[in-house]
Amino acid sequence: MKNIIFLFLFVILITGCKIKIDKNHGQEAIFIEHVNPFIGTGGHGHTYPGATVPFGMLQLSPDNGVSSWDWCSGYHYSDSIVAGFSHLHLSGTGIGDLSDLLFMPVNKKVDLTAKATSRDLLPYTSSYSHANEKAKPGYYQVYLETPRINVELTSSQRTAFHKYTFAKNDRQSVVIDLGFAINWDKALKTAITIEDRYTISGSRFSTGWAKNQKVFFVAKFSKPISEQLLTADGKVVEGSTAEGEHSAAQLFFNSNNSNELLVKVALSSVSVANAKDNLDTGKFNFEGVKSEAATTWNTTLNKIEVETPVDSLKTIFYTAMYHAQIAPVTYSDKNGQFRKENDSIVRATNYTAYSTLSLWDTFRAENPLLTLLAPDRVSDIVNTMLAYFDTKKILPVWTLYANETNTMTGYHSIPVIVDAYQKGIKGFDAEKAYSAMKTTMMQDERGLNLYKKYGYIPYDLLDESVTITLEYAYDDWCVAQMAKALGKEDDYTFFLNRSKAYHYLFDPATGFMRGKSQDKKSWNVPFDAKHSNHREHTDYTEGNAWQHSWFVPQNVEGFISLHGSNSIFTNRLEQLFTESSEITGTNVSSDISGLVGQYAHGNEPSHHIAYLFNHAAKPWRTQYWVRHILNTQYNTTPNGLSGNEDCGQMSAWYIFSSMGLYPMNPASGEYEIGSPIFEKATIHLQDKKSFVIEAENVSDKNFYIQSATLNGIAFNKTAISHQQIMQGGILHFVMGPEPNKNWGLTN
């Protein structure tokens, strides 16, 4: 009997342990389970659903083969045709580059000699259904209906893994099309070499938005190549190498042993040899790599834990966390080498170099978010920008594959550097960084000659003059803060004074920032605050006067004084959100989306605006409009983003704002208080500290702050510093259905 009892207790103990382990395993998986990579693949989100790891070198994702703005990532949820799976993609931009190195499994011989001028002429496309498609962090799967092949994709930091499952007894083949290009991309010179029965290598040089893109690659197959067909510029090539503007290959594999074919691919900007060095060694352990990618993502996503009974809010939040940590992407090879725009090869020593620096977008919230989530990567990003400065003696604007695209306005590498320095992030040379910032803002390119001469940029001398002036003024303020921190008082005074350039463009009669001529008196007329003309003959970048008249984050109080009073300012600010959403003009920018009145959440210049009420004695209006934007501009469908994701910025806005914070002035080291949407959000910091934000009584109706405490002490401010957060603690809000108009007025 004793033995029976002992056995019974032992079984209970073991069962209890197993339940505990299973629960722990479930807890580990909870974060990635809430991510839906299809969010943003519809509408104008421009995201891709494919496989990548946090800030990974490869973005292995399907390409529909369509050249159109909403297919900038290569994929749009409205489509049902796939052309193949390429290894480089942009996340949520308005840019049509990349989609390099297309692989496509097929089950028959195809003609690669015919020139395909559209997707319909490609001989290897397939239909697919979303019902047979799946995506999760680090993994993508789709069933190709035409050749009856199941495709699975995953990735490590520098190696992509394909798994193709063919129908029984079907011919097993893979097409590699290096001439495949969509949107702005165009192949210039490509090459494929069959190195041995299991290995191919090659290169693809292309031009587009980034003019000098060079990609070298190696691919290994789990089965020996039984037959091969190489083509170059429409002709079959004998031998083992094909070279030309458009080279392609069809490889065949024996189907006797297994229905599965595995492929692993690595690339490099430097050489085939470096691509081989980047390639993961060992067996074709697809499931192991998939599992490791999931674990990596789970560890990355758990840096912020949110608690809410509303599952859809968790899905939006953790998908935003996912999108916010896709870009920038790893660019330097395992040995540290990377190619620069001038074709020089340099080595990143003690840091990782990054590509895809969409700074006009990301300086606003994405880069400040990384100072919390990935501070080690922030110093790497700064060092990457300084490496680019070494080449051109100007800090980057928008960098892709080490190419300066000079797209968008301002030099917003500057606030990224200052933000990092002010927050105590080490690992880069502060004096060198300051010298780079000062040199950049004192040169004459991109309208700075006019800015220096007139104190602003006259509209009759350069398009987009208002936006450019306001953003240069902010960059100047950032340089001034760094100068002050480094004890350079003369520079501090100079750049601080120049940062007041916005004064020249403010029209007190209308309350708008307007284009002014070089005579320093005349406004650009006729004036229509709702008028948009995309990127030409306009005073505003991708927007209108309503959206671009609020960018003075460096001195909101001074900006308000130009309006005359808090009351006048907030009345105009309120009108922004309640004005009709009509946009006038015959060439309206597609980027003007996500409209709430004339506020355009789908484009970055609007992202800070709702927080301006905090500085005009009406913080409850910040709370109201922030909650309205959270509720209306994000959802869990493929159309769940109201505009381009833009390399994490759209998601970073949600991450911050849903917790009740936002870096309205990105380089100030402070976060504005908005309206938290979660009962509890825990930010896991370095040194095992955590900062907790609690929202007591929060609900759809209870979005107004009634009171707050920080570590048990009354907190009556509308901003909190980065240093306060990094110390750890608890910020506790009590929420209610009506505004407490006295809270937050003692800043």
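No experiment lies behind these values; they were computed from the predicted model shown.
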| message | Could you check whether any side-chain N or O of Ser86 sits under 3.5 Å from a backbone N or O of Leu102, counting only pairs where one atom can act as donor and the other as acceptor? | response | no
| Could you give the distance from NZ (Lys220) to CZ (Phe284), rounded to the nearest 0.5 Å? | 7.5 Å
| message | Pairing donors with acceptors under 3.5 angstrom, does anything connect the side chains of Asp111 and Thr113? | response | yes
| Glu33/Lys136 ion pair, N-O < 4.0 Å | no
| message | Between Thr391 and Lys340, do the side chains contain a donor N or O and an acceptor N or O under 3.5 Å apart? | response | yes
| task | Would you check, one step at a time, whether the test side-chain hydrogen bond (donor to acceptor under 3.5 Å, both in side chains) holds for Thr637 with Asn639? | result | CA-CA 5 Å; Thr637 73; Asn639 293 349; 5.1 Å; no
| remark: Heavy-atom closest pair (Pro137 atom, Pro37 atom, distance to 0.1 Å) is N-CG, 4.3 Å
| field | Whether over 12 other heavy atoms sit under 6.0 Å from Lys134 NZ | value | no
| message | I'd like to know whether the aromatic ring centres of Phe221 and Tyr198 sit less than 6.0 Å apart in this structure. | response | no
| query | Do Tyr143 and Glu133 get their side chains close enough for a donor-acceptor pair, meaning under 3.5 Å? | reply | no
| message | Checking the side chain of Thr199 only, and the main-chain atoms of Glu195 only, is there a donor and an acceptor separated by less than 3.5 Å? | response | no
| said: Is it true that Asn254 and Ser226 share a donor-acceptor pair across their side chains at a distance under 3.5 Å? | reply: no
| Flag for Gln213-Asn403: side-chain donor and acceptor within less than 3.5 Å | no
| task | Please check if any side-chain donor atom of Ser255 sits under 3.5 Å from a side-chain acceptor atom of Gln172, or the reverse. | result | no
| Side-chain donor-acceptor pair present, Asn335, Asn274, cut-off under 3.5 Å | yes
| field | Donor + acceptor pair across side chains of Glu145, Ser129 (<3.5 Å) | value | no
| Donor-acceptor pair, Gln325 side chain versus Met321 backbone, under 3.5 Å? | yes
| said: Could you check, using the six-membered ring where one of them is a Trp, whether His87 and Phe103 have ring centers closer than 6.0 angstrom? | reply: yes
| query | Can Trp398 and Ser358 be counted as having a side-chain donor-acceptor contact under 3.5 angstrom? | reply | yes
| field | Asp376 backbone acceptor or donor facing Ser379 side chain under 3.5 Å | value | yes
| Do the side-chain N and O atoms of Ser173 and Gln250 include a donor-acceptor pair separated by under 3.5 angstrom? | yes
| query | So, the side chain of Thr47 versus the backbone of Thr41: is there a donor-acceptor pair under 3.5 Å, distance only? | reply | yes
| Is there a donor-acceptor contact under 3.5 Å from the side chain of Arg204 to the main chain of Leu178? | yes
| message | Quick check against the 3.5 Å criterion: does Thr190 have a side-chain atom that pairs as donor or acceptor with the backbone of Ser247? | response | yes
| field | Intermediate values then yes/no, side-chain hydrogen bond (donor to acceptor under 3.5 Å, both in side chains), Asp333 and Ser268 | value | CA-CA 6 Å; Asp333 294 330; Ser268 164; 2.6 Å; yes
| field | Heavy-atom closest pair, residues Tyr331 and Tyr354 | value | CB-C, 3.7 Å
| field | Distance-only side-chain donor-acceptor flag, His246 / Asp177, under 3.5 Å | value | yes
| query | Would you say the side-chain atoms of Asn36 and Thr319 include a donor-acceptor pair closer than 3.5 Å? | reply | no
| message | Looking only at the side chains, is there a donor atom on one of His89 and Asp63 sitting less than 3.5 Å from an acceptor on the other? | response | yes
| message | Please report whether the ring centroid of His162 lies less than 6.0 Å from that of Phe85. | response | no
| query | For Asp79, does its backbone N or O pair with a side-chain atom of Tyr128 as donor and acceptor, under 3.5 Å? | reply | yes
| Do Asp280 and Ser156 have side-chain atoms, one donor and one acceptor, less than 3.5 Å apart? | yes
| query | Under 3.5 Å, is there a donor-acceptor pair between the Asn64 and Trp71 side chains? | reply | yes
| query | Any salt bridge between Glu245 and Lys189, counting N to O under 4.0 Å? | reply | no
| task | Return yes if some donor-acceptor pair links the side-chain N/O of Ser203 with the main-chain N/O of Phe216 below 3.5 Å, else return no. | result | no
| message | Using modelled atom types and a 3.5 Å cut-off, is there a donor and acceptor pairing between side-chain atoms of Ser413 and backbone atoms of Pro396? | response | yes
| query | Is a side-chain donor-acceptor pair under 3.5 Å present for Thr241 with Thr193? | reply | yes
| said: Are more than 12 heavy atoms, taken from residues, nucleotides or ligands other than Asn350, located less than 6.0 Å from that residue's CG atom? | reply: no
| said: Just by distance, no angles: are the side chains of Ser344 and Asn342 close enough, under 3.5 Å, to form a donor-acceptor pair? | reply: yes
| Between Ile304, Leu301, Thr300, which is the residue that forms a side chain to side chain contact (heavy atoms under 4.5 Å, CB included) with Phe31? | Leu301
| task | Show your working on salt bridge (charged side-chain N to carboxylate O under 4.0 Å, His left out) between Glu260 and Lys163 and close with a plain yes or no. | result | CA-CA 7 Å; Glu260 292 181 355; Lys163 180 181 178 182; 3.6 Å; yes
| query | Regarding Trp209 and Thr407, is there a side-chain donor-to-acceptor distance under 3.5 Å anywhere? | reply | yes
| request: Check whether the ring centres of His44 and Trp69 lie less than 6.0 Å apart, and answer yes or no. | output: yes
